[in-house]
Amino acid sequence: MTEPGDLLLTWASEVGSGKLRPLLDGAEWLARAHGIRPGPGAAGRWVRDMSSLGFIDVDWASGVWSISPLVVTRIPQSDGLAVIAGRRDVEAARREEDDEEGVLVTPVPNRLAEGDIPLPASRIVAYNSHLDLPQLAERLGAQWVPCFALLAAHRIPVLTKRAPAAPPVRGEPIEHFGLADRAFTEWRERSYSDGLYRLRRSDRKKVYQFHEAGEWHHTTWEEGVYLALDKSPHPPIRWRRDPAQGRESIGQLIVEWGAPLPPLHSRVATLCLGLAPTIGSTAETMVYDNVPKDVAKKIAHSLKQPLANAL
Amino acid sequence: MPPDLRNDRTVRVSDASTLYSEWQKVLASSFFGPRDDSSPAVLFVNDGIAVEMASGFGLPGSLADSVQALIAQDTRTKAFEPILEPARVQSRIRPDEPPQTLPLLAATVIAATRMIGDGKYRSTNFFDRLAQFLTADRGYSQHYRDMLSSSFAPVAQAWRDLDTWLRSRHGRHGASTIVGSQANPWIGYPLSQALMLESDRAAITQFFERAGLTPGSPASGERLAAQIQLWSQGRALLSRQFRHALEDRAGREIVIPLLADMATAWDGVVRESARRRLSRLRLHLDRRLNPTWVAEAISGSDDMIVCGADGAEYRLLRHDEAPYYAGLTDLVFRAEALEDGLRLHGNGIAAVFRPSPIIVFRQDKYLGGWVSAENTEPYEQHLLLVHTTAEAEIDRILETACPRAKKTPDNRLGAQGWVWYQAVVLDEPEALAASGSETARLLRPSSATRPILVGGLKIATSLGGANYLQGGEPDVFLPTAGGDVRSVVVALDGITETLRATGFPFPLSTLDPPLAAGSHTVEADGVTLQFNTRTTSSGLPAAIIADVGISIAGADAGRSSESSETEAIRGAAVPGTSDEFPLIALARRRADRVVTIDHQGNTHTHEAPGAPQWAERMQDANGQLFFEVKISQPGGWLLELTGGRWRVTAVNPAPLDLGSRRLRTWSATVTAAAEGSSHPLWAEYVAAARGASS
């Protein structure tokens, strides 16, 4: 029987695009049908992970998603591994299964925490020669991207405030992002201090807005947190080198839970290994493996954060 | 002198005609008066109402007398002609007025109510009751009764004429509720007015809404009758007489076509009573659990004034297609409303909150926070506000059904005798099914009124119909009996099994063996549900709803949005993949020596690094055979020495460009590996290296 995570990817691939709500509902429903009790926010985390793994692209503001193109891309400093991301419809799966050119594609399961909705297994390719991958991509009908993580890291824009926004509607609940606890709490003052707010607009949409020097700007949850954390004495991003000899320039990117990476940053960090980030429960962090220090620096720099070295 | 019989009769007929017209006027104004909305017009009269009307309006005689006095006694088949003939004439002269048959028709309704009281829905019984009523229970002859029966065909026609008249008025005198019955072609008409009380008709619109009926579309009366029985079980929603008719075989024969007609005629309006549309008042709690009232919007009514018991007025305004009206912010929440309920009245609307010892709150996507709801939903988060009378029972049920639920006393609503239960998630069907108590009934998910398919992984939604990806078959939801667990015979593709309807769905996606791809049917409660499963959506029309990418340039750089621009990252695809990217070669870890050389005379020796931190996670994919070696642009050669033999791999090598450089290491390495490749360019490298070293 198809594993639930793989079935969800097949489903998303066959559907192609749509509103977010049915996707979230479908994922939650299938998890339940397989005896998993999705924890609070599990469906949202599942969608973010699916985006980080390069399976889907998500526009949270408009509430829509679409399946991402099928891509074969290399995993940096990985001893000859690549990952297949994007659309995996029945046709793509058939081509992969029928491929007998000697390239080994192995499903590697993604680790889940309790109450998580299953993710698809990552399709990891072990190649023997640098020539294997473009040919494999051609046979699968996929795009060949030499190394997404390194290429996209160059394209990450530096964080800026978005377009001006209307001030909050009076009388509606509004929450302020606290720098100390990195959480949202009800804001009851009459005037607004600078920082990130979560509020309901007059059209009832729940949005994130950034307040600075009396002006309001549109933002997203992730970007808003980093705007708020600008020049914070406790930077939320750290990097730790791989202890193995000869791997000084690559390691783990460790990001605090309260300051999740924006979608592009998270995808760059995730596709450094092709496996979903894992939760470092004790330290309340997300851990991205196999991230080159250069990539980590670009991620931190674009979020206006110093890159601290982790012990 | 004996009274002149003829004269006396003239006088009496004149009196009787006056009495009849008086009744006609009273009935016309009471039941068919002009109105602004097209609420249903029902000519419902029973003995009690007839007596009340006579005294209330100061009528000089009873309804029975007004009809009986005009009935012809010396005929077999034309007993009602003295009423019907003038009525026909009147209709032609005054087409704007209701037909002058209302007292006669009202009398037939009373006969029907008496018949319903007997529980015997037969024609013979009806004419007995009619004769009894008209003779004011003083006794009647078999001849008289047979005469009424033989004369009745034109009365049925009079019912049809009233129906036609109401329809020709386009609702200005109310919407017609008159329907016939094929099983009882004559007495069906009066029964259609008598069998259901106004409250039944209103309740049935609430059922129609709950059952998801499409206004104006036909539905099987038989199925509706069965579903209404299930829906209303154990709840005081329907009148005793209507429930009784539903349970009786002869009663069902009348009720079933009536329900089918009501469904076809339903305009989508949910009613609280005959004259009032129903808006449900809901209690909304924000994140801090501050209570406010909201009223559920009714389609077609976007701006109304309602007023409370204290006379305070509120303007209910609906913005766009909002599910709730704005305008109740000034309606202060008082804890007494939890036990007493709350009603606001307006012109043609009633906004109602019905009290209950258990108030279920569900998260509301529109308002945010929590909103009181009719029932629980399986697997969803709930807040419960429970009166202490039900507290012990709830404790007992939740102990197994949801041990994680947290109980806290109320300090938010100021409600004496109420407690909160937080984090109530009902995901243990059996734990809830075990209890048959009234409390369990209130807690049990029971949202659907008929078997439906829920969940599943739908594909090709633009096609309509129910297409699911194989493996993502939907669950089947079977309605409970008004919240009570029941057994249901379910046929899946013709194979029957008895299942317990517990308010929770049955998964079809985890059946062993799994369902084959194709068409499937589920039959239960007389409903057939059909769905298709497919292994792929290929070949089906696909709707592209969005094409999302992450912009990498411009003001929205870094932001995910629906965009047609090509300069966007989609998944792992990056536009404008660059050539300046370093080339990678894979070197064998077991090689004794690994060297790369280029066309300009550079030589690099590489050491195999240690195993990566994550190697174990990838062990199924990677045999740890290779390590990566970077080769700078435009390219070069990878040289591996294993067991004394060199292997040379071309990595996009460029033609030699040594200039005047004569590099010993480069030349020695190339010379040593001269046999490692048969690549023609390699031969040139070897020749150059040998020339350099000679």
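What you are looking at is a predicted structure, and each value in this text was computed from that prediction instead of being measured. We name chains A, B, ... by the order of the sequence lines, and we start the count at 1 in each one.
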Counting only non-hydrogen atoms closer than 4.5 Å, does [X] touch chain A with its backbone (N, CA, C, O), its side chain (CB onward), both, or neither?
X: B:Q470; value: backbone
X: B:L469; value: side chain
X: B:V651; value: both
X: B:A423; value: neither
X: B:A587; value: neither

Give, for atom [atom1] of [X] and atom [atom2] of [Y], the distance between the pair rounded to the nearest 0.5 Å.
X: B:I459; Y: A:W11; atom1: CD1; atom2: CH2; answer: 10.5 Å
X: A:S78; Y: B:I584; atom1: OG; atom2: CD1; answer: 8.5 Å
X: A:R94; Y: B:T536; atom1: CZ; atom2: OG1; answer: 10.5 Å
X: A:D79; Y: B:R589; atom1: CG; atom2: CZ; answer: 4.0 Å

Would a distance-only check, ignoring hydrogens and angles, find a side-chain to backbone donor-acceptor pair under 3.5 Å from [X] to [Y]?
X: B:Q613; Y: A:P243; result: no
X: A:S17; Y: B:D547; result: no
X: A:R155; Y: B:P575; result: yes

Least distance between heavy atoms, A:I124 atom then B:A621 atom: CG2-CB, 3.6 Å
Closest approach of A:V108 to B:R617 (non-hydrogen atoms, all atoms of both residues): CG1-O, 3.5 Å
Show your reasoning for whether side-chain contact (heavy atoms from CB on, under 4.5 Å) applies to B:M618 and A:T106. CA-CA 9 Å; B:M618 289 286 202; A:T106 309; over 6 Å; no
Out of B:P505, B:P474, B:S509, which one pairs with A:W29 under the side chain to side chain contact (heavy atoms under 4.5 Å, CB included) rule? B:S509
Quick check for you: among B:I545, B:L457, B:N652, which has the greatest number of heavy-atom pairs under 4.5 Å with chain A? B:L457
Among A:D289, A:T278, A:D242, A:N290, side-chain hydrogen bond (donor to acceptor under 3.5 Å, both in side chains) partner for B:W614: A:N290
So for A:L30, is it side chain, backbone, both, or neither that comes closer than 4.5 Å to the heavy atoms of chain B? side chain
Under a 4.5 Å cutoff for heavy-atom pairs, which residue among A:L275, A:D25, A:L159 has the most contacts with chain B? A:L275
Counting heavy-atom pairs under 4.5 Å with chain B, the top scorer among A:S66, A:A85, A:S68 is A:S66
Determine, step by step, whether B:R534 and A:E14 satisfy the salt bridge (charged side-chain N to carboxylate O under 4.0 Å, His left out) criterion, reporting the C-alpha distance in whole Å, the side-chain angles of both residues, the deciding distance to 0.1 Å, and the verdict. CA-CA 11 Å; B:R534 296 169 183 271; A:E14 291 288 335; over 6 Å; no
